[in-house]
Amino acid sequence: MLLERIEALKAQISELTASNEETLEALRIKYLSKKGEVTALFNEFRNVSPELKREFGQKLNELKTFATEKINELRETCKAQEKEANKIDITRPATPDVVGTRHPISLVRKEIIDIFSRLGFTLADGPEVEDDWHVFSALNFAADHPARDMQDTFFINQDEKEVQRNIILRSHTSSVQVRTMERQKPPIRIICPGRVYRNEAITARAHCFFHQIEGLYIDKNVSFADLKQVLLLFAQELFGKDTKIRLRPSYFPFTEPSAEMDVSCMLCGGEGCGFCKHTGWVEILGCGMVDPNVLESCGIDSKVYSGYAFGLGIERITNLKYMVKDLRMFSENDVRFLNEFQAAH
Ligand code: DAH
């Protein structure tokens with residue numbers, strides 16, 4: 001009877017497996033602890049008749065050794081498995097580091113800044129939350145001038161009676177012209193990149209915020225010819241040396257005379273195609289000679305100094321360079337769109 005139980009236990013133990021130290025410890029307790037099954041057989045040994053004691057003693061000792069060895073063996077396998085699991089597999093292929101790309105607006109802004117820095121322009125900056133004076137009044141927009149309606153303004157604080165007290169989100173970067181002229185004496189040669197806001201419904205062709213770059217040059221004897229030459233150089237650097245420009249008369253309150261500049265179509269080279277609506281030209285910026293009233297508002301003697309200014313939309317230029325059809329792409333942060341500019345770095 002006892003002999004059979006020894007054999008059965010041995011068979012059972014030989015089948016044991018353990019996947020970790022805890023299950024292994026549970027097995028050790030089950031068989032080898034004080035209350036364990038193997039130990040229990042030792043306790044029964046007392047009842048075995050003297051003539052069989054020798055044989056049973058031997059078998060029992062064998063069983064105990066067998067169980068101890070089995071547990072030890074399982075412990076070794078467990079340790080080995082754990083070690084294997086923690087090991088770093090240096091043969092695995094590395095996960096590539098995902099590197100971000102510059103935003104297309106940043107790319108084009110940088111390109112434009114680089115061109116103008118080579119022409120001697122330095123960077124200037126101003127706040128996005130502005131007062132009426134810097135966005136409108138100092139720029140020769142009369143209080144009731146309809147030109148104020150040219151740009152749908154976002155108001156932070158609106159004073160019905162005194163527009164001069166209005167606090168607004170700047171609707172153009174021309175405000176930085178004023179700030180710079182107020183604190184700096186000519187010669188002034190600056191460009192001011194920045195974000196601007198207009199109260200427009202968001203569509204493929206309009207957005208409530210976008211980016212502009214303003215240019216300003218004030219010195220003695222600055223002429224319209226200087227403006228034209230700088231803009232020609234700029235257009236050729238940006239769109240290629242065969243690019244032509246043309247200036248059309250226009251109106252802005254802060255420049256006199258004012259003009260809008262077109263460049264020869266970058267797709268057809270001026271022959272006329274669907275992109276340029278068969279005119280051969282695409283509009284890229286507004287410009288003109290700074291109105292003497294603006295100079296005087298900023299404390300610059302308009303009898304001594306003259307200057308030119310220009311303003312362009314970065315989104316507009318980016319659309320022309322990369323044929324982006326929907327303005328909303330610029331602010332949606334779709335990585336599939338952004339990754340397309342990887343090669344442009
Ligand atoms: N501020 C104008 C706009 O947002 C752009 C502009 C036109 C700026 C002519 C200028 C300029 O400096 O001379 O539409």
Side-chain angles (χ1 to χ4, degrees), residues 109 112-113 116 119 121 123-128 130 132-141 145-154 168-182 188-200 205-219 222-232 234-235 245-263 283-295 297-298 300 302 305-317 319 327:
R109 179 181 52 209
I112 296 172
I113 291 173
F116 282 110
L119 294 167
F121 287 76
L123 281 180
D125 203 3
E128 293 181 8
E130 261 294 10
D132 177 273
W133 170 257
H134 291 93
V135 180
F136 293 127
S137 293
L139 287 165
N140 205 30
F141 288 76
H145 199 292
R148 281 178 188 255
D149 297 336
M150 276 163 64
Q151 303 171 353
D152 302 291
T153 310
F154 278 121
I168 58 181
L169 292 182
R170 67 177 177 197
S171 52
H172 56 182
T173 43
S174 303
S175 54
V176 188
Q177 280 191 31
V178 179
R179 290 207 168 261
T180 310
M181 286 191 278
E182 281 175 340
I188 295 170
R189 192 167 6 200
I190 49 150
I191 48 166
C192 337
R195 182 174 284 185
V196 300
Y197 301 83
R198 291 186 194 179
N199 191 357
E200 303 230 23
R205 301 170 60 86
H207 210 293
C208 59
F209 66 78
F210 54 98
H211 301 81
Q212 289 188 329
I213 294 186
E214 186 81 12
L216 177 72
Y217 179 37
I218 309 284
D219 205 346
V222 180
S223 73
F224 200 92
D226 297 326
L227 169 64
K228 192 177 170 190
Q229 189 56 34
V230 158
L231 292 180
L232 175 64
F234 165 65
I245 63 166
R246 91 176 168 183
L247 291 157
R248 282 179 289 103
S250 184
Y251 172 75
F252 300 102
F254 36 91
T255 43
E256 181 57 37
S258 304
E260 267 164 294
M261 185 173 101
D262 298 339
V263 292
E283 187 193 316
I284 67 160
L285 56 79
C287 61
M289 299 306 290
V290 179
D291 193 294
N293 286 344
V294 175
L295 294 176
S297 290
C298 301
I300 292 177
S302 61
Y305 294 103
S306 58
Y308 60 71
F310 54 87
L312 54 87
I314 306 183
E315 276 81 353
R316 166 110 189 115
I317 306 276
N319 288 349
L327 268 182

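First listed ligand is number 1; within each ligand, the first listed atom is number 1.
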### Task
Give the atoms of ligand 1, by number and element, whose distance to some non-hydrogen atom of Gln212 is under 4.0 Å.
3 (C), 4 (O)
### Electrostatic pair Arg248:Glu283 at N-O distance under 4.0 angstrom
yes
### Atom of Leu216, atom of Phe121 and distance for their closest heavy-atom approach
O-CE2, 3.8 Å
### Query
Just which atoms of ligand 1 are under 4.0 Å from any heavy atom in Gln177?
12 (O)
### Proximal atoms of ligand 1 relative to Thr255 (non-hydrogen, under 4.0 Å)
13 (O)
### Message
Tell me the contacting part of Phe310 for ligand 1: side chain, backbone, both, or neither, using a 4.0 Å heavy-atom threshold, strictly below.
### Response
backbone
### Query
N/O to N/O below 3.5 Å, does that happen between Ala309 and ligand 1?
yes
### Message
Is a donor from one side chain sitting under 3.5 angstrom from an acceptor on the other, for His211 and Glu315?
### Response
yes
### Query
Does Tyr308 have a non-hydrogen atom less than 4.0 Å from ligand 1?
no
#### Entry: Subset of ligand 1 atoms that lie under 4.0 Å from at least one heavy atom of Ser174
1 (N), 8 (C)
### Closest approach of Gly215 to Ile191 (non-hydrogen atoms, all atoms of both residues)
CA-CG2, 4.0 Å
### With Ile245, the side chain to side chain contact (heavy atoms under 4.5 Å, CB included) member among Leu285, Leu232, Asp262, Ile284
Leu232
### Query
Could you go step by step and tell me if Tyr217 and Leu119 meet the side chain to side chain contact (heavy atoms under 4.5 Å, CB included) rule?
CA-CA 11 Å; Tyr217 179 37; Leu119 294 167; over 6 Å; no
### Task
Would you confirm whether Glu130, through its side chain, and Arg170, through its main-chain N or O, come within 3.5 Å as a donor-acceptor pair?
no
### Query
At a 4.0 Å threshold, what atoms of ligand 1 neighbour a non-hydrogen atom of Gly288?
13 (O)
### Exercise: identify the closest heavy-atom pair between Ser171 and Phe136
OG-CZ, 3.8 Å
### Query
Can you list the atoms of ligand 1 that are under 4.0 Å from a heavy atom of Gly286?
7 (C), 9 (C), 11 (C)
### Summary
Among Gly313, Gly311, Pro253, Ser250, the residue with a heavy atom nearest to atom 5 (C) of ligand 1 is Gly311
### Contact (N/O only, under 3.5 Å) between Arg198 and ligand 1
yes
